[in-house]
Structures are given as C-alpha cells and as structure tokens.
Amino acid sequence: MTNNSNNYDLNVLYEAVKKLSDMPDCKTCRLCEENVGLVYLLPQEEKIIKNLGIKIQKSTDKVNFIFRNKDGWCDAYDYKNNKCTIYNNRPLCCRIYPLDLIIIKKEIWWIVFKE
C-alpha cells in the first residue's frame, strides 16, 4: 500500500483477506443477501464493478454502493440461481464478511455479524 489511501493494489488487499472469504456459504451470497445490507465499494472497485455492467448507487457521504433492485437484491446477485454474477471480482466488503465497518458517532468501528 502507499501513503495515498486511494492508490493501493486491490489484488494485494484481496489476497490478505482470502482466508476470510473462503467460508463454505460464501459461494452463494444468499447469507449476506438475507442478513446484511449494502455492498459498499472502495474507489478502485467502482470502475471494475461498473465495467462489469453492475449499477452503482451514489451516496451523499462519499461511500458508494452496489445498486439494490426493486426487490432489494444486490444488482450483482442472481437470486433465481442463488449465485453472485461477479464472484471472482466481488468487492472487499463481500470478501471480509462477517467482518464489516460501521460509523458510530463519527467513529469507524469494526463489527462482526452473528447469525
């Protein structure tokens, strides 16, 4: 990684969290889709996701997300076939589940989702 927070190698980051993303249920994404919420994107991931034809929802707080369709599903999730259409290119937040970041009183906190 470099000093510029927007200029780092996603492959290095993805490799560092690989053990987290090798959970048995991860191949389907249904666990996240039914229990979690928005799929946030790092700035470098936005271009990749957009190039894959996935819609991005812009946010007012400078964090953008994968668009949710009218039924509430992530735009990259094929709910009929129970699979992620961009699994090999999924964003960091999908790779680190059940870990996540939230903001509480303007502070960033790590959380762990518990089913």
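Note that the coordinates shown come from a computational prediction; the quantities given were computed from them, not determined experimentally.
The two residues Val39 and Pro91 make their nearest non-hydrogen contact at CG1-CG, 3.7 Å. Here the shortest heavy-atom pairing between Asp9 and Asn11 reads OD1-N, 2.9 Å.
Note: Gln44 CD to Leu13 CG = 9.0 Å, rounded to the nearest 0.5 Å. The distance from atom CD of Glu45 to atom SG of Cys93, rounded to the nearest 0.5 Å, is 7.5 Å. The structure places CD of Glu15 at 9.5 Å from CZ of Arg95, a figure rounded to the nearest 0.5 Å. Between the CG atom in Asp75 and the OG1 atom in Thr85 there is a gap of 7.5 Å [rounded to 0.5 Å].
Residues Leu41 and Tyr14 are members of one and the same hydrophobic cluster, defined by side-chain heavy-atom contacts under 4.5 angstrom among Ile, Leu, Val, Met, Phe, Trp and Tyr. At a threshold of 4.5 Å between side-chain heavy atoms, the hydrophobic network of Ile, Leu, Val, Met, Phe, Trp and Tyr places Ile56 and Phe65 in one connected group.
The backbone N or O of Tyr87 sits less than 3.5 Å from a side-chain atom of Arg90, completing a donor-acceptor pair. When atom types are taken as modelled, the side chain of Asn81 and the backbone of Lys83 share no donor-acceptor pair closer than 3.5 angstrom.
In this structure Asn88 satisfies the side chain to side chain contact (heavy atoms under 4.5 Å, CB included) test with no other residue, sequence neighbours excluded.
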Which donor-acceptor pairs under 3.5 Å do the side chains of residues 46-54 make with protein atoms, sequence neighbours left out?
{"residue": "Glu46", "atom": "OE1", "partner": "Asn64", "partner atom": "ND2", "Å": "3.2"}
{"residue": "Glu46", "atom": "OE2", "partner": "Asn64", "partner atom": "ND2", "Å": "3.1"}
{"residue": "Asn51", "atom": "ND2", "partner": "Lys47", "partner atom": "O", "Å": "3.3"}

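Taking 4.5 Å as the limit, every side-chain heavy atom of Ile66 sits out of range of all side-chain heavy atoms of Tyr40.
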